[in-house]
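Just so it is clear, the structure is predicted and the values come from calculations on it, not from any experiment. All values below come from the heavy atoms of this structure, side chains included, with hydrogens, waters and symmetry mates left out.
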Amino acid sequence: MKIIAGVDEAGRGSLIGPVYAAAVILNNGINIKLLKDSKSINREKREKLSKYIKNNSTWAIAKASRNEIDKINILQASLLAMKRAIKKLKKKPSQVLIDGNKIPLMRSYKIKAVVKGDTKIPAISAASIIAKVARDKFVISLSKKNRGYYWDRNFGYGTKQHLIALKKIGVTKHHRKTFSPVSKISKHNI
């Protein structure tokens, strides 16, 4: 029987923190009609679906740190997080389907990129959901210690509110220093 793993990342466009990736092998009985791209589902439903997916699949979550993102760039860090998630799976998949148009190099795995895979392939949708829920929880915990940036609402993305806070309060150790708005503000504050 072919074991298919779906893989997706969360937090790629954020200005803060790590990028998360999840790899998911769905169990046969899971209701795939419930699985959609994480961005098309509200937060409450996403959290419920994340629990449902975890209870009905083999899954793994991994990340690449803010330091790794600044050192190797966001694309390479996203691929690194994906590679780590795939390697953490308890079962080795016979096929790995990744959302997007780039794949991590892993010689002993059969990997294929699927553009808009999070809207087409249930296992990728499931990966997008659990990766996003895991990253959102992490960012909400950071938000409690870093008041004024409203990360509990913007999740570190470059919203108007976040950019105003960056200029007013400054850059934190959680900000990705190589990302444009952050790097520009960092240069002004030196």
Side-chain angles (χ1 to χ4, degrees), residues 6-24 37-39 43 46 50 59-89 96 98-107 109 111 113-118 124 127-190:
V7 180
D8 201 1
E9 51 68 32
R12 190 170 167 167
S14 179
L15 303 179
I16 65 162
V19 63
Y20 277 61
V24 175
D37 171 28
S38 65
K39 293 179 283 299
R43 190 157 128 199
R46 243 192 335 261
S50 179
W59 58 275
I61 296 172
K63 59 189 171 187
S65 72
R66 197 255 332 135
N67 281 336
E68 288 171 318
I69 292 167
D70 283 340
K71 194 182 273 185
I72 62 176
N73 82 37
I74 189 60
L75 171 61
Q76 294 309 315
S78 297
L79 295 173
L80 178 62
M82 289 177 179
K83 189 186 275 191
R84 288 172 175 163
I86 294 164
K87 284 183 175 179
K88 278 174 75 177
L89 284 169
V96 178
I98 292 184
D99 182 49
N101 61 0
K102 302 269 190 275
I103 61 169
L105 294 175
M106 298 177 77
R107 294 191 198 287
Y109 289 84
I111 303 175
V114 181
V115 175
K116 297 203 183 303
D118 53 2
I124 297 176
S128 86
I129 292 165
I130 69 168
K132 180 150 180 52
V133 168
R135 187 176 190 283
D136 284 358
K137 282 184 180 166
F138 171 77
V139 172
I140 289 166
S141 73
L142 273 188
S143 181
K144 291 173 184 162
K145 299 174 200 126
N146 296 271
R147 301 256 179 230
Y149 296 93
Y150 304 99
W151 293 339
D152 57 330
R153 288 184 230 154
N154 61 44
F155 297 94
Y157 286 83
T159 62
K160 188 177 178 183
Q161 197 177 41
H162 187 181
L163 297 177
I164 289 168
L166 251 175
K167 287 174 185 153
K168 254 194 212 167
I169 309 167
V171 176
T172 70
K173 66 181 181 182
H174 306 292
H175 281 96
R176 297 172 181 175
K177 309 295 187 275
T178 55
F179 277 45
S180 181
V182 178
S183 63
K184 285 177 184 164
I185 290 165
S186 291
K187 284 177 187 151
H188 294 299
N189 292 350
I190 294 172

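- Between Tyr157 and Ser14 the shortest heavy-atom distance is CE2-N, 3.4 Å.
- The distance from the CD1 atom of Ile61 to the NZ atom of Lys88 is 7.5 Å, given to the nearest 0.5 Å.
- Considering only heavy atoms from C-beta on, Ile140 comes within 4.5 Å of Phe155 through its side chain.
- For the atom pair CH2 (Trp59) and CD1 (Ile129), the distance works out to 14.0 Å, reported to the nearest 0.5 Å.
- Side-chain contact between Pro181 and Leu15: present, with at least one pair of heavy atoms (C-beta onward) separated by less than 4.5 Å.
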Check: residues 73-81 side-chain donor-acceptor pairs under 3.5 Å, at least two apart:
{"from": "Asn73", "atom 1": "OD1", "to": "Leu75", "atom 2": "N", "distance (Å)": "3.0"}
{"from": "Asn73", "atom 1": "OD1", "to": "Gln76", "atom 2": "N", "distance (Å)": "2.8"}
{"from": "Ser78", "atom 1": "OG", "to": "Ile74", "atom 2": "O", "distance (Å)": "2.8"}

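- Met82 places none of its side-chain heavy atoms less than 4.5 Å from the side chain of Val96.
- Every salt bridge (charged side-chain N to carboxylate O under 4.0 Å, His left out) that Asp37 has, sequence neighbours left out, goes to Lys39.
- For the pair His175 and His162, the minimum side-chain heavy-atom distance is below 4.5 Å.
- Rounding to the nearest 0.5 angstrom, the gap separating the CG atom in Asp152 from the NZ atom in Lys144 is 8.5 Å.
- Atom OH of residue Tyr149 and atom NZ of residue Lys168 lie 11.5 Å apart, to the nearest 0.5 angstrom.
- Ring planes of Trp151 and His174: perpendicular class, angle over 60° (limits at 30 and 60°).
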**Message:** Could you walk me through whether Ser180 and Lys184 satisfy the side-chain contact (heavy atoms from CB on, under 4.5 Å) test, starting with their C-alpha distance in whole Å, then the side-chain angles of each, then the deciding distance to 0.1 Å, before giving a yes or no?
**Reply:** CA-CA 6 Å; Ser180 181; Lys184 285 177 184 164; 3.5 Å; yes

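- Proximity of a side-chain donor or acceptor of Arg135 to a complementary backbone N or O of Glu9 within less than 3.5 Å is not detected.
- Annotation: salt bridge (charged side-chain N to carboxylate O under 4.0 Å, His left out) contacts of Arg147 (sequence neighbours excluded): none.
- Atom CD1 in Ile130 sits 10.5 Å away from atom CG in Asp8 (nearest 0.5 Å).
- Counting heavy atoms from C-beta outward, Val133 and Ser38 have side chains that stay 4.5 Å or more apart.
- Side-chain contact annotation: Arg153 with Thr159, donor-acceptor N/O pair under 3.5 Å absent.
- The minimum heavy-atom distance between Ala85 and Ala60, with the atom names listed, is O-CB, 3.4 Å.
- Between Gly6 and Ala127, the shortest heavy-atom distance links the atoms O-CB, 3.5 Å.
- Asn146 is not listed as a side-chain neighbour of Ile169, based on a closest heavy-atom distance of 4.5 Å or more.
- Residues Ile98 and Ile124 have side chains not in contact (no heavy-atom distance under 4.5 Å, counting atoms from C-beta outward).
- Contact record, Ala165 with Gly148: CB-O, 3.1 Å, taken as the closest heavy-atom pair.
- Residues meeting the side chain to side chain contact (heavy atoms under 4.5 Å, CB included) test with Ala131, sequence neighbours left out: Ala10, Ala22.
- Residues passing the side chain to side chain donor-acceptor pair (under 3.5 Å) test with Arg176, sequence neighbours excluded: none.
- Note: Ile86 CD1 to Met106 CE = 4.5 Å, rounded to the nearest 0.5 Å.
- Within the structure, salt bridge (Lys or Arg N to Asp or Glu O under 4.0 Å) contacts touching residues 60-77 (residues at least two apart or in different chains) are Arg66-Asp70, Glu68-Arg84.
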